[in-house]
Amino acid sequence: MNKKLKHMEEFFLTDNTYTKDARKHGQQIKVARILTDRLITDDYFSDNLLNKKNVGKCIKHQDYLKQQDLDYLCELMKKKLFTWWD
């Protein structure tokens with residue numbers, strides 16, 4: 001999905017599209033691609049916030065951020081998926 005979004009983003013942000021609001025769709029697709037990148041890399045953990053006292057809090061925050069990205073990606077795709085075609 002990430003690769004497809006990347007190709008769609010590149011296409012919509014060029015002058016090769018004849019779709020109304022192509023740039024807007026390209027930006028929306030870019031957001032979806034960035035979210036999939038973050039979910040794939042799973043890099044939500046910050047070492048500089050970690051110490052022995054707050055390990056549990058950091059793990060909960062990491063899970064919260066990941067779930068937030070997943071929820072936003074799903075909502076964005078649910079609302080916009082059928083408008084992202086040329």
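We number each residue from 1, following the sequence as shown. As the structure is a computational prediction, the values presented were derived from the model and not from experiment.
No continuous path of ILVMFWY side-chain contacts below 4.5 Å connects Leu70 to Ile34, so the two sit in separate hydrophobic clusters. By the rule that hydrophobic residues join a cluster once side-chain heavy atoms approach within less than 4.5 Å of another member, Leu13 and Ile29 end up as members of separate clusters. Taken together through direct or relayed side-chain contacts under 4.5 Å among Ile, Leu, Val, Met, Phe, Trp and Tyr, Leu35 and Trp84 form part of one hydrophobic cluster. The hydrophobic cluster containing Met1 also contains Val31, counting ILVMFWY residues as joined when their side-chain heavy atoms lie under 4.5 angstrom apart, directly or transitively.
Counting only residues at least two apart or in different chains, salt bridge (charged side-chain N to carboxylate O under 4.0 Å, His left out) contacts with residues 21-32 comprise Asp15-Arg23.
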Stepwise side-chain contact (heavy atoms from CB on, under 4.5 Å) test for Leu39 and Tyr44: CA-CA 9 Å; Leu39 288 164; Tyr44 294 94; 3.6 Å; yes
For residues 72-80, which side-chain N or O atoms pair as donor and acceptor with protein atoms under 3.5 Å away, sequence neighbours left out?
unit_1, atom_1, unit_2, atom_2, d
Glu75, OE2, Lys78, NZ, 3.3

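Looking at every heavy atom in both residues, Arg38 comes nearest to Asp69 through NH2-OD1, 2.6 Å. Residues Thr17 and Thr14 come closest through the heavy atom pair OG1-O, 3.9 Å.
Distance check, rounded to the nearest 0.5 Å: NZ of Lys20 to NE2 of His25 gives 9.0 Å. Atom CD of Gln68 and atom NE2 of His61 lie 8.5 Å apart (nearest 0.5 Å). Taking OG1 from Thr36 and NZ from Lys6, the interatomic distance works out to 10.5 Å, rounded to the nearest 0.5 Å.
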